[in-house]
Every structure is written in structure tokens, then in C-alpha cells.
There are 2 protein chains.
Amino acid sequence: MTDFDARSECVICNVLEIFGDKWTLLVIRDLFFFNKHEFKEFLASPEGIATNVLTDRLKRLSTHEIIREVRHPQNRSRKLYYLTEKGKGLFPILAEMAKWGEKWLPDLPAMQGLYNRLRTNPQLVRDEIFQQISQWESENILAAN
Amino acid sequence: MTDFDARSECVICNVLEIFGDKWTLLVIRDLFFFNKHEFKEFLASPEGIATNVLTDRLKRLSTHEIIREVRHPQNRSRKLYYLTEKGKGLFPILAEMAKWGEKWLPDLPAMQGLYNRLRTNPQLVRDEIFQQISQWESENILAAN
DNA sequence: CAAACCACTTGCAAAATGCAAGTAGCCCTG
DNA sequence: CAGGGCTACTTGCATTTTGCAAGTGGTTTG
């Protein structure tokens with residue numbers, strides 16, 4: 001998983017080697033949809049990621065410039081993780097996954113309002129999410145990105 | 001990886017448990033973009049999937065009704081795998097991955113024309129691919145899906 | 001100053017993967 | 001109709017990745 005051990009020249013394959021695994025994509029989901037920014041917050045997700053796996057994924061995402069980290073302004077022992085522009089570009093992928101799931105996995109116990117709205121009103125949801133992101137940025141990082 | 005050991009109720013998490021790993025997504029890529037339909041064809045992809053892993057992934061995709069298999073019309077020892085409607089619904093996800101890769105991984109040795117066109121002319125490429133799929137279906141399976 | 005918190009690290013068992021070598025059924029050729 | 005090759009697997013085993021529990025070192029809180 002270094003920078004260029006790419007198994008093939010295929011774009012999709014290279015994309016998958018960066019974020020084509022469940023834990024990585026769940027971290028990205030948390031960043032977009034659940035406004036999470038700290039180690040402990042990702043840990044608290046219901047899927048129960050292990051600490052060593054989370055550490056590894058955050059490192060890989062940083063290496064690939066999909067996320068970036070800063071120290072918590074009020075607390076030196078905490079860190080804040082946030083999406084770069086490259087990372088924000090992943091939104092359509094997550095959105096399409098959610099749409100597909102909404103359509104084809106109808107038996108999920110409680111279809112979350114968020115994902116449901118993502119299908120019925122994608123542009124609105126997208127705007128809300130990016131609005132939330134830029135608000136967070138203006139409050140938490142100085143030179144935005 | 002049975003049918004309902006879902007780690008959470010989240011739509012995206014459930015989606016990822018079905019096809020959120022590299023090998024599964026590469027098989028789906030081959031079905032959409034490279035018109036592959038046989039075991040040996042998937043094996044021949046440059047990424048080099050192992051036979052046992054390929055068997056496993058084809059089974060899982062079948063279980064989830066994303067692909068279906070039929071016997072080769074001319075040869076009883078061969079099988080043909082093809083996308084169901086549910087599987088065809090994955091196209092936007094792959095397309096978004098390809099678009100993101102085209103934009104953010106500019107250093108790939110040779111950007112394939114296919115993926116490049118997917119970004120500049122998505123609707124056209126989509127139409128061509130679905131055209132190719134339905135032509136294949138009309139030639140190879142009787143009651144289409 | 002002790003307890004709690006935070007982002008990790010470590011050790012070890014369990015699971016997934018990679019690889020090489022089968023195997024059973026079908027097909028083709030001589 | 002015997003032999004070889006093809007096809008979709010299966011098996012066994014070494015290596016890698018993951019999951020889980022228990023640290024660790026620095027920081028903040030009461």
C-alpha cells in the first residue's frame with residue numbers, strides 16, 4: 001500500500017487501492033454525513049472499527065491527501081481530521097452508493113431520513129452537507145484548506 | 001458475510017458489506033467496461049485475482065442478485081455471468097469512481113480513453129455500455145433477465 | 001497530584017488472501 | 001474411444017491483514 005505499487009494502470013483499480021475497502025469508506029461516510037472530525041468520534045460509530053485499523057486508515061487517507069489533520073485549537077492532545085478538496089470530490093461516489101442502497105436494499109430496518117432524502121432530493125442534501133462542511137471549516141481551521 | 005450479519009443499520013455500511021471490497025468491484029468493472037462474462041476472462045485481468053477469491057466473489061454477487069449465471073449455450077462446461085437489473089444499477093457508482101480517478105490521479109501512465117470519455121461525455125459512454133450489454137443479452141440469454 | 005482522556009501502539013489469535021497444485025466434467029482429435 | 005486440453009472450480013498451506021484486549025505516553029481536569 002505504498003504510493004505506487006499499482007497492480008494495473010486501470011483508473012478504477014488505482015482508485016480502489018486508495019479507498020476501496022469498507023473501513024476507509026466508512027470513515028469517509030462519517031466525515032460527510034455525520035460531521036465527525038475526531039479519532040474518538042470515528043471509533044464511536046456503530047460498526048466498531050478497531051483503533052489500529054482506524055489509525056492505519058487515517059494515515060493512508062492523509063498520505064493520499066484525501067484528509068488533512070490539525071491540532072484541536074483548545075486541546076493539544078486532540079486532533080481534528082477534515083476533507084481536502086480532493087476528499088470532497090468523493091461525495092458523488094458516496095451519494096451514488098446511498099442511492100443504490102435506498103433503492104435495492106429496501107428491507108433495512110429503518111431507512112434513515114438522510115439517505116432517503118439523498119435519493120429524492122440529491123441537490124438539496126448535497127448543498128446542506130457542503131454548507132455544513134464550510135461552516136465547520138470557518139470555525140475550526142484558519143486558512144481554509 | 002451471510003445475508004444479514006449487518007454491522008449497522010446504515011445504508012452505506014450495508015452496501016459496503018455487499019460489494020465494498022477491491023476484488024468484488026474489479027469484477028463489476030470487468031462486467032461493465034470490458035464486456036467480460038466468463039471465469040477465465042475475469043482471471044485474465046491484469047490485477048491477477050486468485051481462483052478461490054474469484055469463485056468466492058462470484059458466489060457472493062450471485063447470492064445478492066447482482067449477477068446471474070447461465071450455462072454457455074455451446075459448451076456445457078463453461079458458464080456465462082451477467083449483470084441483473086440490480087447489478088446494472090451499480091453503474092453510476094463505478095462511473096463516479098472513474099471520474100474521480102481521472103480528475104485526481106493525473107499521473108497514471110496511460111489514461112485510458114474509455115475512462116477519459118466517461119468524464120467528458122458521460123451520457124454517451126453510458127449509452128454505449130448499456131447498448132453493448134443489451135446486445136450481449138439478446139445474443140446470449142433467452143428471456144432477457 | 002491523582003484520575004480521566006486522548007490518540008495511538010503492541011501482542012496475539014482469527015480470518016482473509018496468495019499461490020501452487022490438484023480434480024471432475026466436457027470437448028476435440030486421431 | 002483413448003488421450004490431451006480446456007473450464008470452473010477445490011484444496012492445502014504460507015503469508016498478510018484484521019479483530020480484540022491491553023497497554024503507553026502525553027494532556028487536561030477536578
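A, B, ... follow the sequence lines: proteins, then strands. Residue 1 opens every chain.
The separation between A/Lys22 atom NZ and C/dA15 atom P is 15 Å, rounded to whole Å. For the pair B/Asp21 CG and C/dA15 C1', the interatomic distance rounds to 14 Å; values are reported in whole Å. Put simply, CD on A/Glu47 is 17 Å from C1' on D/dC20, counting in whole angstrom units. Taking atom CH2 of A/Trp23 as the reference point, atom P of C/dA15 lies 15 Å away to the nearest angstrom. In this structure, the CG atom of B/Asp56 is 12 Å from the P atom of D/dC9, given to the nearest Å. When the P atom of C/dC28 is taken as reference, atom CD of B/Gln74 falls 10 Å away, rounded to whole Å. The nearest whole Å value for the distance from the CZ atom in A/Arg71 to the P atom in D/dG26 is 14 Å. The CD1 atom of A/Ile49 sits 16 Å away from the P atom of D/dT17 (whole-angstrom rounding).
At a threshold of 4.0 Å, the pair B/Lys99-B/Glu96 counts as salt-bridged, since one of the basic side-chain nitrogens sits closer than that to a carboxylate oxygen. Between A/Lys103 and B/Glu85, no side-chain nitrogen of the basic residue sits less than 4.0 Å from a carboxylate oxygen of the acidic one, so the salt-bridge criterion is not met. The pair B/Glu38-B/Lys79 does not meet the salt-bridge criterion, since no charged nitrogen lies less than 4.0 angstrom from a carboxylate oxygen.
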Pull out every protein N or O sitting under 3.5 Å from an N or O of nucleotides 5-10 of chain C, one pair per line with the distance.
residue : atom : partner : partner atom : Å
C/dC6   : OP1  : A/Lys40 : NZ           : 2.8
C/dA7   : OP1  : A/Glu38 : OE1          : 3.4
C/dA7   : OP2  : A/Lys40 : N            : 3.0
C/dC8   : OP1  : A/Lys79 : NZ           : 3.2
C/dC8   : OP2  : A/Tyr81 : OH           : 2.2
C/dT9   : OP2  : A/Lys59 : NZ           : 3.2
C/dT9   : O4   : A/Thr51 : OG1          : 2.7

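Checked against the 6.0 Å centroid criterion, the rings of B/Phe19 and A/Trp100 qualify as a close aromatic pair.
Counting any heavy atom pair closer than 4.0 Å across all strands shown, B/Arg57 reaches sugar-phosphate atoms only and no base atom.
Both tests hold for A/Arg126 against A/Phe130: distance to the six-membered ring centre under 6.0 Å, angle to the ring axis within 45°.
Ranked by how close their nearest DNA chain D nucleotide is to the 5' end, B/His37 and A/Arg76 are led by B/His37.
A/Glu47 places a side-chain heavy atom less than 4.5 Å from the side chain of A/Trp23.
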